[in-house]
Participant: 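Structure provided below as structure tokens; questions to follow.
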Amino acid sequence: MTRVGNRLDVMCLILILSSTKANGHWRRKTANVAITFLIALMIHGGGFVIGSKALIPPFQIGKLVDEGFVVVCPDYRLCPTINVHDGPLADVRDAYSWIQEELPRLVPDVLIDRQRIVAIGYSAGGTLALLLVS
């Protein structure tokens, strides 16, 4: 996956990525010590046939960001143009791999714990979160 661009808001850096069309959110913290951010992969619902990352409530993203998480919200290919295994599940697994391999290179000034990733999903996204760890 490649970075299309990034935009620096006043308090939150948002990455816009191609391929999985994911947004990443975190709050820059200033302190005398290095802060390591945990990662939350938030997966939207929609029965695998509708929906997008826009369905994830911004206040929930904000709560996780306030608690020190980098939040990544991917879109995935929708059925029935592709089956669940080759579309949504493959895309979420790709997003997980991207978090571990590419995300740290895109934000080298942010310490990210690539081994501590929580997957959160709504409805069909919850199913994808469970299948991600199986």
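One-based numbering along the sequence shown. The figures here come from the full heavy-atom set of this structure, side chains too, leaving out hydrogens, waters and symmetry mates.
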Participant: Would you name the heavy atoms of His85 and Arg93 that are closest together and state the gap between them?
Facilitator: NE2-NH1, 4.4 Å
Participant: Kindly write out the residues that satisfy salt bridge (charged side-chain N to carboxylate O under 4.0 Å, His left out) with Arg77, not counting sequence neighbours, or none if the list is empty.
Facilitator: Asp91
Participant: Heavy atoms only: give me the nearest Ile99-Pro104 pair and the separation to one decimal.
Facilitator: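 Shortest heavy-atom separation between Ile99 and Pro104 comes out as O-CD, 3.3 Å.
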Participant: Quick one: CD on Glu67 to CG on Leu38, what's the gap to the nearest 0.5 Å?
Facilitator: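 With rounding to 0.5 Å, CD (Glu67) is 10.5 Å from CG (Leu38).
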Participant: Ser52: which residues meet the side chain to side chain contact (heavy atoms under 4.5 Å, CB included) condition with it, sequence neighbours left out?
Facilitator: Ala54, Asp75
Participant: Do Leu130 and Met42 sit in one hydrophobic cluster, given that two such residues count as connected whenever their side-chain heavy atoms are within less than 4.5 Å of each other, even indirectly?
Facilitator: no
Participant: Once rounded to the nearest 0.5 Å, what's the spacing between atom CD of Glu101 and atom CZ of Arg114?
Facilitator: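 If we round to the nearest 0.5 Å, Glu101:CD and Arg114:CZ are 8.5 Å apart.
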Participant: When you compare the side chain of Gln60 with that of Val71, does any pair of heavy atoms fall below 4.5 Å?
Facilitator: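 Of all side-chain heavy-atom pairs linking Gln60 with Val71, none is under 4.5 Å.
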Participant: In sequence, state the C-alpha distance, the side-chain angles, and the governing distance for Tyr122 and Leu55, and then conclude on side-chain contact (heavy atoms from CB on, under 4.5 Å).
Facilitator: CA-CA 9 Å; Tyr122 303 87; Leu55 292 175; over 6 Å; no
Participant: Please name the pair of heavy atoms, one in Ala124 and one in Gly47, separated by the smallest distance, quoted to 0.1 Å.
Facilitator: CB-N, 3.6 Å
Participant: Can you measure from OH (Tyr96) to CG (Leu132) and round to the nearest 0.5 angstrom?
Facilitator: 6.5 Å
Participant: As a quick check of understanding, evaluate side-chain contact (heavy atoms from CB on, under 4.5 Å) for Ile39 and Gln100, giving each step before the final call.
Facilitator: CA-CA 10 Å; Ile39 300 168; Gln100 291 186 312; over 6 Å; no
Participant: Search all heavy atoms of Gly51 against all heavy atoms of Leu78 and return the closest pair with its distance.
Facilitator: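 Taking Gly51 first and Leu78 second, the nearest heavy atoms are O-CD1, 3.8 Å.
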Participant: How about Ile120 and Leu64: do any of their side-chain heavy atoms sit closer than 4.5 Å?
Facilitator: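 Result yes, sub-4.5 Å side-chain heavy-atom pair found.
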Participant: Can you tell me how far the CG atom of Asp94 sits from the CG atom of Leu89, to the nearest 0.5 Å?
Facilitator: 9.5 Å
Participant: Which heavy atom in Leu41 sits nearest to a heavy atom in Ala95, and how many Å separate them?
Facilitator: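 Looks like CD1-CB, 4.4 Å.
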Participant: Just to verify, what does Asp113 make a side chain to side chain donor-acceptor pair (under 3.5 Å) with, not counting sequence neighbours?
Facilitator: none
Participant: Hydrophobic clusters here meaning ILVMFWY residues chained together by side-chain heavy-atom distances under 4.5 Å, can you tell me if Ile50 and Ile43 are in one?
Facilitator: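 In one cluster: no.
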Participant: So which atom in Ile82 and which in Pro88 form the shortest heavy-atom distance, rounded to 0.1 Å?
Facilitator: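 Minimum heavy-atom contact is CG2-CD, 4.5 Å.
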Participant: Using only atom types and a distance under 3.5 Å, with no angle test, would you say the side chain of Tyr76 pairs donor to acceptor with the backbone of His44?
Facilitator: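 Confirmed, Tyr76 side chain pairs with His44 backbone.
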